[in-house]
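Below you'll find the structure I mean.
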Amino acid sequence: ILNTERDRLMKQHGVSIFSRSKEEQTPPTAEPEAAEASSSSSAATPGTEHLTGYRLLRTSPVNLILQGYKEKVDAARSELEALLEKFDGFCCEELNIPAKTHARLIGFRRNNIRRMEETYNVDVEFPPRGASGDTADIVLVMGTPTDVDAACDELINVANDLVERFPDMDEQQQKKEKNARPAAPQPQQPPNPSDFMVVGAPWERNGTSTTATSN
């Protein structure tokens, strides 16, 4: 989101945004009568210790510096504050959806889940790689309460439908993984000496040939 707003504010207002981590670096020299403004926001998500690794739950204080003409900075700051106020109303819902349905819910190149995110204006995150136990079934949905409720309803309905339509998804997945494994190399049988044909031997110069035999 910050990257998107950085590009938009630069194009629309000519205002640059720097994060506090870059404060020690010398920012580009502003035009005369330039002004700076800074703001910070932080969020806490208690009770999510079991969800380590989820992108949507990574929160930390962010300090921003806006640089540009004073009137442009004021306009950009007002827009950012309105955006942050909107984010303050976001909620994150935790769903328990069987891990065996996740691949079909996501779809090829995330086509299925991207359509749902765009339809309901939410972010959906599936368990990070390596998740096990109950955590492997947890799906997070973030957005405004109304949008999150609608997205969660569709996710649950689609997941239930998949479980009913494909009750043997676990067996199919195991077979798929088994078939994906490389087959064990078969031992090579030693050649039978009687199968060798001698070609280019001296006696063949006389127009004769013979079959090699073992002693």
Side-chain angles (χ1 to χ4, degrees), residues 1-25 27 34-97 102 105-107 109-129 131 135 137-159:
I1 294 172
L2 179 59
N3 290 334
T4 302
E5 288 301 303
R6 179 183 287 115
D7 295 339
R8 184 185 67 82
L9 292 177
M10 172 57 72
K11 293 178 181 179
Q12 184 173 346
H13 300 291
V15 174
S16 300
I17 302 179
F18 305 94
S19 63
R20 178 63 72 181
S21 61
K22 296 182 180 180
E23 184 182 22
E24 297 180 357
Q25 301 179 7
E36 294 187 4
S38 64
S39 63
S40 63
S41 65
S42 63
T45 53
T48 58
E49 294 79 6
H50 63 297
L51 299 178
T52 302
Y54 281 80
R55 172 183 54 83
L56 292 179
L57 297 180
R58 296 174 187 170
T59 58
S60 60
V62 177
N63 297 305
L64 302 179
I65 299 175
L66 278 62
Q67 187 175 42
Y69 285 105
K70 186 178 186 305
E71 62 274 11
K72 298 294 186 180
V73 167
D74 291 341
R77 179 170 182 170
S78 298
E79 294 180 13
L80 283 177
E81 289 176 344
L83 187 63
L84 292 174
E85 185 177 354
K86 177 183 177 181
F87 290 157
D88 285 340
F90 276 19
C91 67
C92 188
E93 190 71 21
E94 178 181 326
L95 301 178
N96 284 280
I97 298 178
H102 291 181
L105 286 173
I106 296 172
R109 294 185 177 178
R110 299 190 80 253
N111 286 339
N112 295 342
I113 202 63
R114 186 183 300 111
R115 177 197 60 79
M116 189 176 300
E117 289 177 330
E118 294 174 352
T119 300
Y120 298 104
N121 195 27
V122 297
D123 284 326
V124 181
E125 183 174 9
F126 288 83
R129 182 174 299 181
T135 306
D137 295 333
I138 296 178
V139 178
L140 300 181
V141 184
M142 178 176 284
T144 62
T146 302
D147 293 337
V148 167
D149 288 343
C152 287
D153 288 342
E154 180 170 344
L155 270 172
I156 292 173
N157 291 335
V158 174

- Mind checking whether I138 and N96 have side chains closer than 4.5 Å, heavy atoms only? yes
- Evaluate the side-chain proximity of N121 to T144: yes if any heavy-atom separation is below 4.5 Å, no if none is. no
- Message: To the nearest 0.5 Å, what is the distance between CG on L83 and OG on S78?
- Response: 12.5 Å
- L140 versus M142: any side-chain heavy-atom pair under 4.5 Å? no
- Nearest heavy-atom approach of G143 to V148 is N-CG2, 3.2 Å
- Query: Any side-chain heavy atom of V139 sitting closer than 4.5 Å to one from H102?
  - Reply: yes
- Query: What heavy-atom pair brings V15 and V73 nearest, and what distance separates the two atoms?
  - Reply: CG2-N, 3.9 Å
- Do any N or O atoms from the side chain of H13 and from the backbone of Y69 form a donor-acceptor pair under 3.5 angstrom? no
- Note on the structure: R114 meets the salt bridge (Lys or Arg N to Asp or Glu O under 4.0 Å) criterion, sequence neighbours left out, with none
- Determine the sole option in V122, D149, D123 for which the side chain to side chain contact (heavy atoms under 4.5 Å, CB included) test with V141 is passed. V122
- Message: I need the I17 CD1 to L66 CG distance, nearest 0.5 Å.
- Response: 5.0 Å
- Side chain of E117, backbone of V124: donor and acceptor closer than 3.5 Å? yes
- Heavy-atom side-chain proximity of L9 to L80 below 4.5 angstrom: yes
- Please report the shortest heavy-atom distance between C91 and P145, naming the atom on each side. SG-CA, 3.7 Å
- Query: When rounded to the nearest 0.5 angstrom, what is the spacing between CD in Q12 and CD in E79?
  - Reply: 5.0 Å
